[in-house]
Chemist: 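Structure incoming, see below.
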Amino acid sequence: MSAAPAEDQVRQWESEQAHLRQQLVEDDTEAWQQNPDFSGLQRVGGVDLSFIKGDDVNACAQLVVLSYPDMELLYEDSQMVTLTAPYIAGFLAFRETPYLLEALQRLKKNQPELLPQVVFVDGNGLFHYREFGLACHLGVLSGLPCVGVAKNLLQVQGVYKSEEHQSQIAALQKGGDSFPLTAASGKVLGKALRSSDKSVKPVYVSVGHKISLDTAVRLTHSCCRYRVPEPIRQVPDDAAKDLKTKKTKGQQVQKIRPCVCVRNRVNVCMH
DNA sequence: GCGACAG
DNA sequence: ATCTTGTCGC
């Protein structure tokens, strides 16, 4: 009756990742992905969880949907959630996926016509210890094409922050330039991408689900005004700010955003 | 003991 | 993930 020791939990999670991985699709499956200008792509999504300083249990799960290519906000959903799983490198999905999935399901139920055609995820996809990071996990469970974008390099499978790596970064001349992150096995797990002309520090793009690496990199670049792709950059702003502001006032975290908050700039709000 | 460690 | 200050540049 006792809780499973952390070690057993991790072992079970590994097994679940291996199982779900069988359903992973690493290629382009959508028509728009073939088009040079992505014509046919109209909605891109972004998901993320925001925290406040001393609290790693309560978080704000957020989903935004932006128009493509204009990057205008079409839909936003922020929901306070209480996390159950701890953060363990390599198992981020077990901590965050449930709440990101819930947000996608709320959208599907309420305004299915606004479902994104691809979702940007804060974290890695295939570029992962067992080639099944958060972006893959969410992709398989949601069935939606997903792209993993990490802001920091995960040193895994023989990919290191070596001198060589640093010089490859220095060689990225302009936005859109990239170089492959190759595992010891020889497989390319992702790409370091200079996402805009102004940013020097690259982002690390990898396949989540139903999209090829090259398409994922090209799409990521086309969604970047700054270093971080708009769909996941536009998330933290208002909801997270609210979170901080109201926390300062001494209110209870759970009451900050007790219900789904949706802003819809395309269709009239439903009542 | 030291270094690593997506978010 | 989050914190913090100033600072440099357009």
Side-chain angles (χ1 to χ4, degrees), chain A residues 6-7 10 13-14 17 21 46-63 78-101 103 119-139 146-162 165 181 183-184 189-193 195-209 213 216 220 225-229 231-248 253 256:
Chain A
E7 203 170 297
V10 163
W13 281 348
E14 282 180 347
Q17 287 178 331
R21 199 186 179 314
V47 291
D48 190 26
L49 253 59
S50 304
F51 296 81
I52 51 178
K53 60 171 185 180
D55 189 345
D56 57 345
V57 168
N58 297 294
C60 185
Q62 305 175 78
L63 162 66
S78 296
Q79 172 71 55
M80 284 307 303
V81 297
T82 300
L83 307 190
T84 54
Y87 168 64
I88 300 176
F91 302 94
L92 180 61
F94 294 93
R95 177 166 164 81
E96 302 196 349
T97 295
Y99 313 100
L100 303 180
L101 254 183
V119 179
F120 282 92
V121 179
D122 218 328
N124 293 303
L126 267 185
F127 186 44
H128 176 268
Y129 302 87
R130 292 163 297 281
E131 296 178 24
F132 200 75
L134 175 59
C136 299
H137 207 115
L138 185 67
C146 285
V147 176
V149 180
K151 295 184 285 294
N152 293 293
L153 178 69
L154 184 61
Q155 303 192 126
V156 64
Q157 293 205 33
V159 178
Y160 301 114
K161 255 191 287 196
S162 59
H165 181 81
L181 303 166
L189 299 181
K191 286 192 173 182
L193 167 72
S195 47
S196 74
D197 288 333
K198 288 192 167 187
S199 59
V200 170
K201 185 176 180 180
V203 292
Y204 300 93
V205 179
S206 59
V207 169
H209 188 49
L213 179 57
T220 300
R225 286 220 253 271
Y226 305 103
R227 179 174 174 246
V228 175
I232 48 188
R233 191 186 73 88
Q234 293 200 18
V235 165
D237 282 19
D238 44 281
K241 197 178 296 175
D242 264 28
L243 228 158
K244 292 174 200 163
T245 307
K246 302 195 175 179
K247 169 78 176 204
T248 308
V253 174
I256 292 173

Chemist: Which value, in whole Å, describes the distance between the C1' atoms of nucleotides dT2(C) and dC5(B)?
Modeler: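 Approximately 16 Å lies between the C1' atom of dT2(C) and that of dC5(B).
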Chemist: Using the salt bridge (Lys or Arg N to Asp or Glu O under 4.0 Å) criterion, which residues pair with Glu96(A)? Sequence neighbours excluded.
Modeler: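 Result, salt bridge (Lys or Arg N to Asp or Glu O under 4.0 Å) vs Glu96(A): none returned.
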Chemist: Kindly compute the distance separating CD (Gln234(A)) from CG (Asp48(A)), expressed to the nearest 0.5 Å.
Modeler: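 Spacing of CD (Gln234(A)) from CG (Asp48(A)) equals 13.0 Å.
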Chemist: For Phe91(A) and Trp13(A), take the angle between the two ring planes, folded into 0 to 90°, and tell me which bin it lands in: parallel under 30, tilted 30 to 60, perpendicular over 60.
Modeler: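 Aromatic pair Phe91(A)/Trp13(A) classed tilted.
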Chemist: Between OG of Ser50(A) and CG of Asp122(A), what distance do you get to the nearest 0.5 Å?
Modeler: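 Here the interatomic distance stands at 9.0 Å.
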Chemist: Flag the pair Leu49(A) / Leu83(A) as yes when at least one side-chain heavy-atom distance between them is below 4.5 Å, and no otherwise.
Modeler: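 Answer yes - side chains close enough.
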Chemist: Side chains of Glu131(A) and Leu189(A), heavy atoms from C-beta outward: is any pair under 4.5 Å?
Modeler: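 Touching, per the 4.5 Å side-chain cut-off.
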Chemist: Hey, would you say the His137(A) and Phe132(A) ring centroids sit under 6.0 Å apart?
Modeler: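 So the answer is yes for these two rings.
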Chemist: Give, for atom CZ of Phe94(A) and atom CD1 of Ile88(A), the distance between the pair rounded to the nearest 0.5 Å.
Modeler: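 Spacing of CZ (Phe94(A)) from CD1 (Ile88(A)) equals 10.0 Å.
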Chemist: Which dot-bracket notation, 5' to 3', represents the base pairing of DNA chain C when pairs are defined as Watson-Crick or G-U with both distances under 3.5 Å, crossing pairs as [ ], and inter-strand pairs as |?
Modeler: ..........
Chemist: Less than 4.5 Å apart, side chain to side chain, heavy atoms only: is that true for Val149(A) and Ile232(A)?
Modeler: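 Side-chain contact under 4.5 Å: yes.
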Chemist: Got a sec, which residues hit ring pair (Phe, Tyr, Trp, His ring centres under 6.0 Å) with His128(A), two or more places apart in sequence or on another chain?
Modeler: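 Once residues adjacent in sequence are excluded, His128(A) has no partner under the ring pair (Phe, Tyr, Trp, His ring centres under 6.0 Å) criterion.
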Chemist: Which letters describe nucleotides 5-10 of chain C, given B = protein heavy atom under 4.0 Å from base, S = only from sugar-phosphate, - = neither?
Modeler: ------
Chemist: Within this structure, what is the CZ-to-P distance between Phe94(A) and dA1(C), rounded to whole angstrom?
Modeler: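 Taking CZ of Phe94(A) and P of dA1(C), I get 21 Å after rounding.
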Chemist: Reading DNA chain B 5' to 3', how would its secondary structure be written in dot-bracket notation, given Watson-Crick and G-U pairs with both distances under 3.5 Å, brackets [ ] for crossing pairs and | for partners on other strands?
Modeler: .......
Chemist: Out of curiosity, Arg130(A) CZ to Arg21(A) CZ, how far, rounded to the nearest 0.5 Å?
Modeler: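 One gets 11.0 Å once the value is rounded to the nearest 0.5 Å.
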Chemist: Reading nucleotides 1-7 of chain B from the 5' end, what letters show protein touch, with B for base, S for backbone sugar-phosphate only, - for no heavy atom under 4.0 Å?
Modeler: ---SSBB
Chemist: Looking at OG of Ser206(A) and CG of Leu193(A), how far apart are the two atoms once the value is rounded to the nearest 0.5 Å?
Modeler: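 Between Ser206(A) OG and Leu193(A) CG, I get 12.0 Å after rounding to 0.5 Å.
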Chemist: Are the side chains of Val57(A) and Thr82(A) in contact, using a 4.5 Å heavy-atom criterion?
Modeler: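 Side chain of Thr82(A) against side chain of Val57(A), heavy atoms only: contact under 4.5 Å found.
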